[in-house]
Amino acid sequence: MMRAIYSSKTQSFCLTSMLFIPFIWFGLNVLKPIVPAITTQSISLNQIVQIPKPAPVQTPKFETPKQVQKIEPIKTPKPTPVKPKPTPKQIPIESKLAKKIEQTTQATQTTPVAQTKPVEQIQTYNITSATPDPFLAAIKSAINDNHIYPRTAKRLRQQGNVLVEFIWTKDMELKGLKILKSSQHKALNEAALATITAAAKSFPKHDKTVQIQIPLVYKIN
């Protein structure tokens, strides 16, 4: 009896288990949770991507604003008012002529007439040889006494004649000394002028201003 019951239970258990085994297998294989597969891989240093460093941000330099020159406004000159010219009063011509005649007559009466001095005429004397005039003879002798012959001209055998002109005033002053006709040698020309200057200290006084021309001879005997 017991065996029969036991066998029926086992049989039912076996049947039920055989019915549920496919569901259990389906639930374990199909409905099981998906677990991600963790794979451990070795990462080399070369595979590491180097992140570039950010470039430093340059702050813009702000230039100090230059001083702006103040432009002064152009001053326009104020127009000067034109004053109207006064219209001259019409004076009759006869009155103008009368006034001019009166002015000229008054000027002639008040201003004295200038006394014109007579121009002094200078007499010219040419002393070439012996003269009977005592004044000219004294001048010639004074020139002969102070006659200068340069040593260099003598040594170089330089000869010639120099015609000299000068004015001797009544106040015993020598003026206008010049050479009218020079020689070929500069030393003789300068000696002639020096001779007249030295001889003028011995010239006599004359009552008139005279102009004298005299040749100076430079000759080696």
Side-chain angles (χ1 to χ4, degrees), residues 77 80 82-83 85-86 88-221:
T80 54
V82 179
K83 295 181 179 180
K85 293 182 179 180
K89 295 180 180 179
Q90 294 182 356
I91 301 170
I93 298 170
E94 294 180 355
S95 61
K96 286 183 179 180
L97 292 172
K99 284 184 179 180
K100 285 184 179 180
I101 293 166
E102 288 179 0
Q103 288 176 359
T104 52
T105 53
Q106 287 177 3
T108 53
Q109 289 176 1
T110 54
T111 56
V113 179
Q115 295 178 0
T116 56
K117 293 182 179 181
V119 179
E120 185 179 2
Q121 293 181 356
I122 300 174
Q123 191 173 359
T124 303
Y125 296 97
N126 190 355
I127 304 174
T128 54
S129 58
T131 175
D133 191 347
F135 171 72
L136 298 178
I139 288 178
K140 186 176 181 182
S141 64
I143 291 173
N144 291 333
D145 294 340
N146 292 276
H147 194 279
I148 301 170
Y149 204 123
R151 293 181 181 179
T152 55
K154 277 186 178 181
R155 187 173 67 252
L156 296 173
R157 307 290 295 178
Q158 293 179 353
Q159 299 180 15
N161 297 335
V162 182
L163 181 61
V164 181
E165 182 183 75
F166 61 90
I167 295 172
W168 183 248
T169 65
K170 59 184 179 182
D171 297 328
M172 300 182 68
E173 292 179 358
L174 180 66
K175 292 182 179 181
L177 178 61
K178 61 182 179 179
I179 296 174
L180 293 179
K181 185 178 180 181
S182 63
S183 67
Q184 298 178 355
H185 307 288
K186 183 179 178 181
L188 299 179
N189 297 332
E190 293 177 352
L193 296 176
T195 298
I196 300 298
T197 304
K201 297 176 182 179
S202 302
F203 287 167
K205 187 177 180 180
H206 199 271
D207 56 350
K208 294 180 180 179
T209 299
V210 294
Q211 187 176 20
I212 297 172
Q213 296 176 1
I214 184 168
L216 275 74
V217 180
Y218 294 90
K219 185 176 181 180
I220 299 172
N221 297 325

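Only this structure's heavy atoms are used, side chains among them; waters, hydrogens and symmetry mates stay out. None of the values given here were measured: they were computed from a predicted structure.
- Checked by atom type and distance alone, the side chain of Y218 pairs as donor or acceptor with a backbone atom of A192 at under 3.5 Å.
- The distance from the OG1 atom of T152 to the NE2 atom of H185 is 10.5 Å, given to the nearest 0.5 Å.
- Residues N161 and L163 have side chains not in contact (no heavy-atom distance under 4.5 Å, counting atoms from C-beta outward).
- Rounding to the nearest 0.5 angstrom, the gap separating the CD atom in E190 from the OG1 atom in T195 is 11.5 Å.
- Here the shortest heavy-atom pairing between P215 and T128 reads CD-CA, 4.4 Å.
- How far CG of L188 is from CD1 of I179: 10.0 Å, rounded to the nearest 0.5 Å.
- Residue F166 is tested with L174, V210, T197 for a side chain to side chain contact (heavy atoms under 4.5 Å, CB included); the sole match is L174.
- Expressed to the nearest 0.5 Å, how far NZ of K154 lies from CD1 of I220 amounts to 7.5 Å.
- Minimum heavy-atom separation, L216 to I196: CD1-CD1, 4.2 Å.
- The nearest pair of heavy atoms linking I139 to P204 is CG1-CD, 4.0 Å.
- Atom CG of L177 is separated from atom CD of E165 by 9.5 Å, given to the nearest 0.5 angstrom.
- To the nearest 0.5 Å, atoms CG (L180) and CD1 (I214) are separated by 12.5 Å.
- Minimum heavy-atom separation, K205 to K170: CE-O, 3.4 Å.
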**OP:** Carefully, step by step, assess Y149 and Q158 under the rule side-chain contact (heavy atoms from CB on, under 4.5 Å).
**Re:** CA-CA 10 Å; Y149 204 123; Q158 293 179 353; 5.6 Å; no
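- When all heavy atoms of T124 and Q213 are compared, the closest pair comes out as CG2-NE2, 4.2 Å.
- When all heavy atoms of I148 and P150 are compared, the pair lying nearest together is O-CD, 3.8 Å.
- Ring orientation note: the planes of F203 and W168 are nearly perpendicular, at an angle over 60° on the 30°/60° scale.
- Looking at D133, its side chain does come within 3.5 Å of a backbone N or O of F135 through a donor-acceptor pair.
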